[in-house]
Colleague: 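Pasting a structure below so you can have a look.
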Amino acid sequence: MHIRQRIQLAVGKAYVHGRSAIEGLQHGVAFNPYDKSVTSNPYPVHNRMRELRPIHYSPTWQAYWVSRFDWVQEILRDKRFGADVRQHPKRYERVTKYMSPRRRELFDNPSMLDLDPPDHTRVRKLAQQGFLHKFIQSLEPRIREIVRGCLDASGNEKIVDFVDSLAKPLPAIVIAEMLGLPKEDHDQFAHWSEELMLGTGTADADKLERSLKANYALIDYFRQVSEAKAENPGDDMISRLISAEEEGDKLSGNELYNTCLLLLVAGHETTTRLIGNGLYLLMQHPDQFEQLRTNPDMIPQAIEEMLRFEPPVQATRRFVLEDVDFHGTALKKGQLVFVSIPGANRDPSINDSPEEFHIDRENPKQVSFGYGIHLCIGASLARMEARVAFEEILARYDHLELAETPVWGNNPFFRGVDALKLST
Ligand code: HEM
């Protein structure tokens, strides 16, 4: 580690005890996304980082953070930045050194999210056949039924937790049904999926262990279900993925199970956060909530602004594939680079008055679904789930207001409130 980085790290550790992360930045201290003052409100520090140094080195993470909108897009579309850690022998060795053979096998068969072309192009093309526009559109009536069922379950309760009753179960049920999992397995599936999520953005050994166990269980489960569906195909995503073919090419067994797991990981918590955070934003801006109630056809536009203002995914990462001079910063092959989605979405050079939430903002620009070759494959499904959820909430409740101030979770990669209790 460079001497300047060592000093920054030491100062940074001392600094977090006494001052906020944003003050730290002003004094040249490195950004630490786990800092409580960052997870409770990440925007001031991402903004400050963009103003001071839009490519900022964090010794704590041994990684750069990029926070300008155009630079974020540049990294996500530049072929010299990849997602596959296996391209970097040193880093790969460090990460896999103490892995069990089973864990190593999972790691050596990454999902498309962690692949680079040409493997990524191949797997993504095949997986996209499960996301054909018509198929996703055909899910709307059932999604509406699920939303109504979730809201019915709260009956006439005076205080309803909308995260627990709607935002959490909705995407889990949608994914389970979309994959075509047997109904009697749904509870077990929901349990594994909750356990799996414990492993994101944490260093807690117990949580990581539970998450890994759920990961193994889910892979075994997808293997069993796929074998059954290969014998008896249905009109569901697993059957579509099994039969997906491009010029004689098909998904291998591991690619199929990993894609199913990725759909769960990538599509569950993110959609929960979009609905929970979006509803919380409306509660914080009652005038806009009323505007939406009188103009429900503005819901799709409001969802774009929710995505911009409170992005459920706060960062994604790339590795430098060859030495690059990135706007004056020399990035060495193998270097880890994070892109800051809050930094990009609130860049004032791209969105006017970015600190204001306006559901009628004209064409809000955001990278909340990523950008470039890894652009979210489930974006239209997530938008549809959120749209139906807000339509049904507005149609059902004449009055909603905060019963308790919710608390932001402390995961620096997924931003969301774990409970949202509203008086109905
Ligand atoms: C509001 C909800 C969602 C948000 C904010 C979100 C966000 C993202 C982001 C930022 C990426 C790019 C990651 C990167 O570049 O490293 C991504 C990729 C992906 N998302 Fe989503 N996502 C959401 C919902 C979904 C849903 C519902 C599904 C599917 C059921 C899904 C499936 C995927 C997949 C498969 C990828 C990987 C694409 C690739 O590597 O080519 N996402 N998502």
Colleague: Does anything in residues 280-294 pair up under salt bridge (Lys or Arg N to Asp or Glu O under 4.0 Å), and if so which pairs, sequence neighbours excluded?
Modeller: Glu290-Arg293

Colleague: Of all residues at least two apart in sequence or in a different chain, which pass the side chain to side chain contact (heavy atoms under 4.5 Å, CB included) check with Lys125?
Modeller: Glu246

Colleague: What pairs with Asp187 under side chain to side chain contact (heavy atoms under 4.5 Å, CB included), at least two apart in sequence or on another chain?
Modeller: none

Colleague: About how many Å separate CG of Leu375 and CG of Leu76, when rounded to the nearest 0.5 Å?
Modeller: 9.5 Å

Colleague: Taking only residues at least two apart or on different chains, which pairs with a member in residues 149-158 satisfy salt bridge (Lys or Arg N to Asp or Glu O under 4.0 Å)?
Modeller: Asp152-Arg396

Colleague: Return yes when atom CD of Glu184 has more than 12 non-hydrogen atoms of other residues, nucleotides or ligands closer than 6.0 Å, and no otherwise.
Modeller: yes

Colleague: Verify whether the ring centers belonging to Tyr57 and Trp65 lie closer than 6.0 Å.
Modeller: no

Colleague: Is Gln314 close to Ser340 at the side-chain level, that is, under 4.5 Å between some pair of heavy atoms?
Modeller: no

Colleague: If the condition is salt bridge (Lys or Arg N to Asp or Glu O under 4.0 Å), which residues does Asp108 pass it with, not counting sequence neighbours?
Modeller: Arg104

Colleague: In chain order, what residues pass the side chain to side chain contact (heavy atoms under 4.5 Å, CB included) check against Gln366, with sequence neighbours excluded?
Modeller: Glu304, Leu307, Arg308, Asn345, Ser368, Arg383

Colleague: Could you check whether Arg346 makes a cation-pi contact with Phe309, meaning its NZ or CZ is under 6.0 Å from the centre of the six-membered ring and within 45° of the ring axis?
Modeller: yes

Colleague: Pair up each side-chain donor or acceptor in residues 212-220 with any protein partner under 3.5 Å, not counting sequence neighbours, and list the distances.
Modeller:
| residue | atom | partner | partner atom | Å |
| --- | --- | --- | --- | --- |
| Tyr216 | OH | Arg103 | N | 3.3 |
| Asp220 | OD1 | Arg102 | NH2 | 3.1 |
| Asp220 | OD1 | Arg223 | NH1 | 3.2 |

Colleague: I want to know whether His285 and His358 have ring centres closer than 6.0 Å.
Modeller: no

Colleague: Strictly by salt bridge (Lys or Arg N to Asp or Glu O under 4.0 Å), give each pair with a member in residues 130-145 just once, sequence neighbours left out.
Modeller: Glu140-Arg144, Glu140-Arg387, Arg142-Glu145, Arg142-Glu177, Arg144-Glu391, Arg144-Glu392

Colleague: Restricting to pairs with a member in residues 395-424, which pass ring-ring contact (aromatic ring centres under 6.0 Å, His included), not counting sequence neighbours?
Modeller: Trp61-Phe413, Phe162-Tyr397, Tyr280-Trp408, Phe338-Phe413

Colleague: Under the side chain to side chain contact (heavy atoms under 4.5 Å, CB included) rule, collect the residues that match up with Ala176, sequence neighbours excluded.
Modeller: Leu181, His186, Phe189

Colleague: Tell me the salt bridge (Lys or Arg N to Asp or Glu O under 4.0 Å) pairs involving residues 365-382, sequence neighbours left out?
Modeller: none

Colleague: Rounded to the nearest 0.5 Å, how far apart are CD of Gln301 and CG of Asn363?
Modeller: 9.5 Å

Colleague: Asp418: what forms a salt bridge (Lys or Arg N to Asp or Glu O under 4.0 Å) with it, not counting sequence neighbours?
Modeller: Arg273

